[in-house]
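Since the structure comes first, as structure tokens, the remarks are kept for the end.
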Amino acid sequence: MVSPSTRAQKLLSFFSFLLVLFDLQYEGVQCGINADVDRHLEMGKKLLAAGQLADALSHFHSAIDGDPDNYVAYYRRATVYLAMGKSKAAIPDLSKVIELKPDFTSARLQRGGLLLKQGKLDEAEEDFEKVLKSNPSEQEHKEASAQLLKSDEIQRMRSQGVAAFNQRDYLTAETFLNYVLETCIWDAELREMRAECYVNQGEPGKAISDLKAASKLKNDNTDAFYKVSRIYYELGDHEMSLSEIRECLKLDPDHKECFSHYKQVKKLNKQIRTAEELIHEGRYEDALSKYEGVLKTEPSIPYYSALVQERSCHCYSKSQQSAEAIKVCTEFLQKEPSNVNALKDRAEAYILEELYEEAVRDYETAQQTSENDKQIREGLEKAQKLLKQSQKRDYYKILGVKRNAKKQEIVKAYRKLAQQWHPDNFQDEEEKKRAEKKFIDIASAKEVLTDPEKRSRFDAGEDPLDPESQQNAGGSQFHRGWNQWQGFNPFGSGGPFSFKFNFN
């Protein structure tokens with residue numbers, strides 16, 4: 001691929017070559033220029049050859065100011081405009097050259113080519129025909145003839161494209177317009193027409209580039225800005241939609257459609273940004289409320305309905321409303337089964353609900369789409385450990401509390417169960433043995449879940465009181481028997497007993 005700088009250098013060399021030919025062709029011709037104008041022309045020519053286009057342009061401006069009837073100055077300034085990519089500005093200068101010197105075929109050929117690119121086919125053909133009637137050189141005759149043939153073909157293709165568009169045959173219309181726009185790249189009307197073809201074929205994203213080009217090619221093209229903004233809005237890019245509709249209002253502050261749409265986009269954009277800021281701050285309930293407002297502001301466009309559902313799934317999961325999170329995430333995932341964010345959020349909710357197999361499955365599905373995601377990898381490892389752990393001893397289940405239970409709830413549950421299963425309550429030997437085992441489990445659960453460090457290890461899938469886990473972790477083996485718990489006061493702070501509690 002040719003780099004922009006290389007392309008610019010080649011273009012500059014071409015225009016410099018044209019000037020050399022021009023100077024040779026018209027050497028000795030008296031143009032009535034005075035010494036000051038001549039100096040500006042010469043300086044401008046040198047600066048153009050050196051690639052200093054802005055400085056060259058300034059000198060040609062001065063030459064024209066000094067001699068408004070000097071066709072050489074207009075031609076050279078047009079050459080600079082073309083080198084700068086300002087073709088629209090070059091056309092009036094080329095027209096002035098032709099007005100001052102009608103037999104200047106090079107200028108007429110260049111203007112014809114530019115008019116062809118603008119889609120002004122009749123005007124372009126008139127230039128090419130006049131070149132052929134003006135005793136041109138062999139090369140000029142060949143170029144004008146080829147351009148006339150091309151223009152004639154484009155005229156036919158354009159007519160067929162417009163006819164197909166009017167008959168709402170958008171696929172056929174697009175085919176013809178594609179061919180025409182390969183040459184008529186600055187035809188704003190045709191670009192807007194092709195954009196309509198894309199939209200009606202369900203490809204609004206492809207319409208954006210044509211509409212943006214049309215907004216620049218046609219002065220005060222408020223309709224193009226409005227259409228681009230509407231497309232961005234419907235695609236879910238509310239930030240870009242807001243930016244484009246502001247451009248429309250800059251051109252016409254009283255434009256009714258643009259102003260109405262601006263108010264809608266601005267409101268929606270503010271709601272979404274505020275909701276995301278609330279999520280970032282961990283204020284999930286407030287974020288949920290704000291996203292409900294988004295749905296009221298824009299209930300019709302599917303993108304925003306899906307966005308509200310996905311972010312609600314996230315908020316419910318992060319605020320540990322696991323049952324609601326699973327419900328909302330599942331509804332969303334039925335529409336977008338591979339959405340990584342929703343899979344991660346539902347997996348976290350499944351863990352809170354102790355549905356470890358489901359959590360593992362969601363993390364594995366997410367990993368297929370995003371295999372290098374550290375959060376997914378760590379979540380999957382945790383879910384797998386918890387699944388394995390659940391098949392052994394689960395301290396939360398022993399006390400009958402949720403995984404997100406507070407310490408106060410854990411102690412309360414422990415005291416109730418310790419009173420119920422204290423071995424002193426049982427006379428039968430078999431029942432006493434069973435109670436001893438149960439009491440040990442209850443006391444162990446309380447020890448782990450009321451100790452932040454041990455609970456954290458347990459939540460990560462490791463049992464701090466399991467000898468095998470301790471061995472794998474490099475720690476010493478740990479074991480407690482009933483004798484160590486005898487005389488233990490379940491209503492105390494967890495330290496050694498100060499009295500023995502007797503149950504009736």
Residue pair [X] / [Y], side-chain heavy-atom distance below 4.5 Å:
| X | Y | answer |
| --- | --- | --- |
| Gln201 | Cys197 | yes |
| Arg455 | Ile410 | yes |
| Leu115 | Leu121 | no |
| Arg311 | Glu276 | yes |
| Val294 | Glu298 | no |
| Tyr262 | Leu242 | yes |
| Asn221 | Glu192 | yes |
| Asp220 | Asp252 | no |

Donor-acceptor side-chain pairing of [X] and [Y] below 3.5 angstrom:
| X | Y | result |
| --- | --- | --- |
| Lys344 | Gln375 | yes |
| Ser215 | Glu247 | no |
| Tyr396 | Asp459 | yes |
| Tyr414 | Glu447 | no |
| Arg346 | Thr330 | yes |
| Arg194 | Asn178 | yes |
| Ser338 | Thr369 | no |
| Gln321 | Glu285 | yes |

Below 4.0 angstrom, N of the basic side chain to O of the carboxylate: do [X] and [Y] qualify?
| X | Y | value |
| --- | --- | --- |
| Glu348 | Lys318 | yes |
| Lys382 | Glu378 | no |
| Arg158 | Asp187 | yes |
| Lys212 | Glu244 | yes |
| Lys406 | Glu409 | no |
| Glu196 | Lys227 | yes |

Counting only heavy atoms from other residues, nucleotides and ligands, does the tally under 6.0 Å from [atom1] of [X] exceed 12?
| X | atom1 | value |
| --- | --- | --- |
| Lys335 | NZ | yes |
| Glu357 | CD | no |
| Glu189 | CD | no |
| Glu371 | CD | no |
| Gln408 | CD | no |
| Lys432 | NZ | yes |

Before giving the answer on side-chain contact (heavy atoms from CB on, under 4.5 Å), spell out for Arg361 and Leu355 the whole-Å C-alpha distance, their side-chain angles and the decisive distance to 0.1 Å.
-> CA-CA 10 Å; Arg361 190 160 53 244; Leu355 299 169; over 6 Å; no
May I have the step-by-step check of side-chain contact (heavy atoms from CB on, under 4.5 Å) for Arg230 and Phe225, ending in yes or no?
-> CA-CA 9 Å; Arg230 287 290 316 178; Phe225 283 115; over 6 Å; no
Minimal non-hydrogen separation, [X] against [Y], with atom names:
| X | Y | result |
| --- | --- | --- |
| Ala275 | Ala287 | O-CB, 3.7 Å |
| Ala207 | Val199 | CB-CG2, 3.9 Å |
| Cys315 | Tyr284 | O-CB, 3.8 Å |

Using salt bridge (charged side-chain N to carboxylate O under 4.0 Å, His left out) as the criterion, list what pairs up with Glu381, not counting sequence neighbours.
-> none
Mark yes or no for whether [X], through its side chain, and [Y], through its backbone, hold a donor-acceptor pair below 3.5 Å.
| X | Y | result |
| --- | --- | --- |
| Asp286 | Leu278 | no |
| Arg191 | Ile185 | yes |
| Ser456 | Pro452 | no |
| Ser241 | Asp237 | no |
| Gln367 | Tyr363 | no |
| Thr175 | Leu171 | yes |
| Ser260 | Glu257 | no |

Take Gln264 and Thr297, measure what side chain to side chain donor-acceptor pair (under 3.5 Å) needs, and give me the verdict at the end.
-> CA-CA 8 Å; Gln264 171 78 359; Thr297 301; over 6 Å; no
Candidate pair Leu417 and Lys438, rule side-chain contact (heavy atoms from CB on, under 4.5 Å), full reasoning | CA-CA 9 Å; Leu417 289 170; Lys438 188 80 173 175; 6.0 Å; no
Could you tell me how the ring of [X] sits relative to the ring of [Y]: parallel (under 30°), tilted (30 to 60°) or perpendicular (over 60°)?
| X | Y | answer |
| --- | --- | --- |
| His261 | Tyr226 | perpendicular |
| Trp421 | Phe426 | parallel |
| Tyr233 | Tyr304 | tilted |

Are Phe165 and Tyr170 close enough that their ring centers fall under 6.0 Å?
-> yes
Rounded to the nearest 0.5 Å, how far does NZ of Lys290 lie from CD of Gln271?
-> 6.5 Å
Between Phe332 and Asp345, is a side-chain contact (heavy atoms from CB on, under 4.5 Å) present by the stated rule, with each step listed?
-> CA-CA 11 Å; Phe332 176 73; Asp345 288 329; over 6 Å; no
Determine, step by step, whether Asn425 and Gln420 satisfy the side chain to side chain donor-acceptor pair (under 3.5 Å) criterion, reporting the C-alpha distance in whole Å, the side-chain angles of both residues, the deciding distance to 0.1 Å, and the verdict.
-> CA-CA 8 Å; Asn425 290 339; Gln420 178 185 345; over 6 Å; no
Applying ring-ring contact (aromatic ring centres under 6.0 Å, His included), run through Phe458 and Tyr395 and close with a yes or a no.
-> CA-CA 9 Å; Phe458 183 74; Tyr395 295 125; 4.9 Å; yes
